[in-house]
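First the structure, in the form of structure tokens, and then the observations on it.
Labels below follow one simple rule: chain letters A, B, ... track the order of the sequence lines, proteins then strands, and each chain is numbered from 1. Quick caveat: nothing in here was measured; it's all calculated off a predicted structure.
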Amino acid sequence: MAHWLFKSEPSKFSFADLKAKGAAGTEWDGVRNYLARNNMRTMQVGDQGFYYHSNEGLAVVGICEVVALSHPDSTSADPRWDCVDVRAVRDLKRPVTLAEIKTEPSLSKMSLVTSMRLSVQPVTDEEWEIVLAMAER
DNA sequence: GCCAACGTTGGC
DNA sequence: GCCAACGTTGGC
């Protein structure tokens, strides 16, 4: 099962907002970037991802899960744009900040470091475990 | 609030 | 199909 990272500005749509959507989750709409869209197209139901707060917080704060395969983005009239549905799974024990991730040598190749602006990113199994472990510290 | 990075658009 | 202009993202 693959892992991902979803980025959102908490002032627009925070992890708390996603939790409020409950088990059915919500469309991860509004993505207008081909790479991010292609990542969503390869997602499977049950794939889990980190939830990252950009602009404020600057940290991975929770875990979410894909509950619906890629489908047309209902907020776009342009048929190019697809998105998946996601639901919140749980908070991390504590947020893992971007600053921490940047100082962790084993995460130097993480997309969050190398492709900061990509809004939906792949996370390797190794990176997934490392960040989870950091949240336990 | 600034500015660098980078993705997208549109004229040619 | 190229590339300059422009808009947006997001850390600082």
Side-chain angles (χ1 to χ4, degrees):
Chain A
M1 200 141 59
H3 294 110
W4 309 95
L5 182 144
F6 296 83
K7 231 171 22 181
S8 180
E9 296 186 35
S11 61
K12 291 179 181 159
F13 194 80
S14 69
F15 192 59
D17 293 329
L18 182 61
K19 283 191 283 189
K21 296 283 184 182
T26 191
E27 269 196 348
W28 196 254
D29 56 33
V31 173
R32 301 291 182 265
N33 172 285
Y34 291 106
L35 216 49
R37 182 205 62 185
N38 292 346
N39 286 335
M40 287 198 285
R41 284 184 173 175
T42 66
M43 290 180 189
Q44 298 297 313
V45 171
D47 279 1
Q48 295 199 332
F50 288 131
Y51 199 102
Y52 175 79
H53 278 170
S54 62
N55 279 316
E56 299 165 50
L58 306 185
V60 176
V61 296
I63 293 173
C64 56
E65 180 179 309
V66 176
V67 291
L69 291 176
S70 177
H71 57 80
D73 182 336
S74 71
T75 65
S76 176
D78 189 331
R80 279 181 299 180
W81 303 118
D82 295 342
C83 63
V84 295
D85 290 3
V86 294
R87 70 172 179 89
V89 175
R90 65 173 175 90
D91 291 300
L92 291 188
K93 206 169 235 178
R94 67 166 186 88
V96 176
T97 65
L98 178 63
E100 288 176 82
I101 287 169
K102 280 184 169 172
T103 55
E104 174 56 51
S106 58
L107 296 177
S108 63
K109 293 209 178 77
M110 197 170 170
S111 290
L112 197 59
V113 179
T114 61
S115 317
M116 170 52 65
R117 298 188 49 200
L118 185 59
S119 63
V120 179
Q121 313 180 346
V123 172
T124 67
D125 293 345
E126 190 188 5
E127 290 161 354
W128 181 262
E129 294 302 330
I130 292 168
V131 173
L132 279 183
M134 288 167 79
E136 299 290 323
R137 289 209 283 270

Would you sort out whether A/Trp81 and A/Tyr34 count as a ring-ring contact (aromatic ring centres under 6.0 Å, His included), showing the intermediate values? CA-CA 8 Å; A/Trp81 303 118; A/Tyr34 291 106; 4.9 Å; yes

Could you give me the CA-CA distance, side-chain angles and deciding distance for A/Glu27 and A/Ser74, then say whether side chain to side chain donor-acceptor pair (under 3.5 Å) is met? CA-CA 8 Å; A/Glu27 269 196 348; A/Ser74 71; 2.8 Å; yes

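Considering CG of A/Asp73 and CZ of A/Arg80, their distance stands at 12.0 Å, rounded to 0.5 Å.
For the ring-ring contact (aromatic ring centres under 6.0 Å, His included) with A/Phe15, the qualifying choice from A/Tyr51, A/Phe6, A/Phe50 is A/Tyr51, the only one to do so.
The aromatic rings of A/Trp28 and A/Phe13 lie perpendicular to each other, with more than 60° between the two planes, well past the 30° mark.
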Taking protein heavy atoms under 4.0 Å as touching, what does nucleotides 5-12 of chain C look like 5' to 3' if B marks base contact, S marks sugar-phosphate-only contact and - marks none? ---BBBBS

